Amino acid sequence: MSRQVMGRLAQLSPLVEQVSIDEAFADISDLHKPAEDIALQLQREVDDELHLPCSIGIASNKLVAKIATETGKKAAHGPEYPRAICVVDYGREAEFLAPLPADMLWGVGKKTGVALAELGMHTIGDIARWPEADLVRRFGQNGHDLSLHARGVDDRPLVPEHEAKSISQETTFGRDESDDVVIHATLKSLSAQVGRTLRSEKLAGKTVKLKLRWPDFTTLTRQVTLPSHTDQESEIYETALRLLRQIRLPGRAVRLIGVGVSNLGEPVHQMELWGASREKQRKVQSLLDELQDKYGDNVISRGCEKE
DNA sequence: TCTGGGGTCCTAGGACCC
DNA sequence: TCTGGGGTCCTAGGACCC
């Protein structure tokens, strides 16, 4: 359904940025037609053809358009899903934002919200009136953005294609898990999924990160950068296992375990000293991928490779 | 309410190099 | 013998987003 909705947007404008599974920005500045009409037509089309409700915000930049959508949704009432359309005219961005609560601004979450409230800033207008230099002193780079955004200024461009910066998989156990066999097997299966995603995207990563959460919810990460890029399950798993052994004694209970790969680049399948065996591994791997794509994840998996 | 999964960006300190 | 400053890369953690 997401793809179908995005397809409708693509017909509207060549410049579409998908933000998540159910949200996107479209640049309609080249369309010579009133914004309201465009929004209404799109909303009807999605409703009639795909039977989905959607809300639309229109403004001169991404930040205000996003907040306009939220505001429209909040203003809608009744038992139906909201089908809001909210337009903020050019030049009236700051005026529109001023009365809204501070935490509707992008980048204001729980912590920043509390910090702002302690200083007496409750609305976006309060932030806009606060001296920018003081916001920068208190919040660093974020303070600068806060000040600009509160005044409705946002010059971030639409980016149609986002390149992934990292790929990861994590899982929370149904109960805290202390069995080494289960934990290692889970890590292996997560590594396998990360490897498959990498290969299907024709990517490989250089930095492997292990994530661990203890039963008391404290969360740790440990990462290491490899000498070269990899898209192989075995290398990801063995690296993650090494990191795990550095921070966890056998038998210690774990709530969540995850593995991720970053520092992404193109996979290099070079013939080095171990070129022949690497090449062989790679062939086995793509055969496995093919089988799993066809018959599902459980049809076949790797056994022990060494030790 | 005992708190999921997958991401991004920023900060800060340390190693290392010139 | 002791010392400067800047740049880059790496690691760990935290805030935030959907």
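Being a predicted model, the structure only gives us computed values, none of them experimental. Chain letters run A, B, ... following the sequence lines, proteins first and then strands; every chain starts at 1.
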Given the ring of A:Y81, does A:R83 sit roughly above its face, with NZ or CZ under 6.0 Å from the centre of the six-membered ring and within 45° of the axis?
no
Length of the [atom1]-[atom2] vector between [X] and [N], whole Å:
| X | N | atom1 | atom2 | result |
| --- | --- | --- | --- | --- |
| A:Q223 | C:dA12 | CD | P | 6 Å |
| A:F173 | B:dG5 | CZ | C1' | 14 Å |
| A:L146 | C:dC17 | CG | P | 11 Å |
| A:K211 | C:dG13 | NZ | C1' | 11 Å |
| A:L226 | C:dC10 | CG | P | 11 Å |
| A:W106 | C:dC16 | CH2 | P | 14 Å |
| A:I167 | B:dG6 | CD1 | P | 12 Å |
| A:M104 | C:dC17 | CE | P | 12 Å |

Determine the interatomic distance between C1' on C:dC17 and the same-named atom on B:dG4; round to the nearest Å.
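Roughly 14 Å separates the two C1' atoms.
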Sugar-phosphate only, base, or nothing, as touched by [X] at under 4.0 Å among non-hydrogen atoms:
| X | result |
| --- | --- |
| A:N142 | nothing |
| A:L105 | sugar-phosphate |
| A:I21 | nothing |
| A:K209 | nothing |
| A:T112 | sugar-phosphate |
| A:K66 | sugar-phosphate |
| A:V19 | nothing |

Given [options], identify the nucleotide with an atom nearest to the side chain of [X].
| X | options | answer |
| --- | --- | --- |
| A:L220 | C:dG13, B:dG4, C:dA15 | C:dG13 |
| A:Q141 | C:dC16, C:dT11, B:dT11 | B:dT11 |
| A:Q169 | C:dC10, B:dG5, B:dG6 | B:dG6 |
| A:V224 | C:dC16, B:dT8, C:dT11 | C:dT11 |

Just to confirm, is there a sub-4.0 Å distance from OP1 or OP2 of [N] to any side-chain nitrogen or oxygen of [X]?
| X | N | value |
| --- | --- | --- |
| A:T225 | C:dC9 | no |
| A:K165 | B:dC9 | yes |
| A:S168 | B:dG6 | no |
| A:R222 | C:dG13 | yes |
| A:T221 | C:dG13 | yes |
| A:R255 | B:dC2 | no |
| A:S20 | B:dG7 | no |

Using only atom types and a distance under 3.5 Å, with no angle test, would you say the side chain of A:E93 pairs donor to acceptor with the backbone of A:G91?
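Pair found, side chain donor or acceptor close to backbone of A:G91.
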Qualifying residue, where the test is side-chain contact (heavy atoms from CB on, under 4.5 Å) with A:F25 and the options are A:N61, A:L158, A:V159
A:L158
Ignoring hydrogens and angles, state whether a donor on the side chain of A:H162 or A:Q18 is under 3.5 Å from an acceptor on the partner side chain.
no
Would you tell me whether A:S20 and A:D22 have side-chain atoms, one donor and one acceptor, within less than 3.5 Å of each other?
yes
Would you indicate whether A:R44, at its atom CZ, is surrounded by more than 12 heavy atoms from other residues, nucleotides or ligands within a distance under 6.0 Å?
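No, not enclosed.
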Pairing nucleotide - C:dC18, Watson-Crick or G-U, each distance under 3.5 Å
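Base-paired to B:dG5.
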Using a 5.5 Å cut-off between ring centres and planes within 30 degrees, is A:F217 stacked on the base of B:dT3?
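Check passed, A:F217 stacks on base of B:dT3.
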May I ask you to decide whether A:E132 forms a salt bridge with A:R151, counting only side-chain N to carboxylate O separations under 4.0 Å?
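Judged by the 4.0 Å cut-off on N to carboxylate O distance, A:E132 and A:R151 do form a salt bridge.
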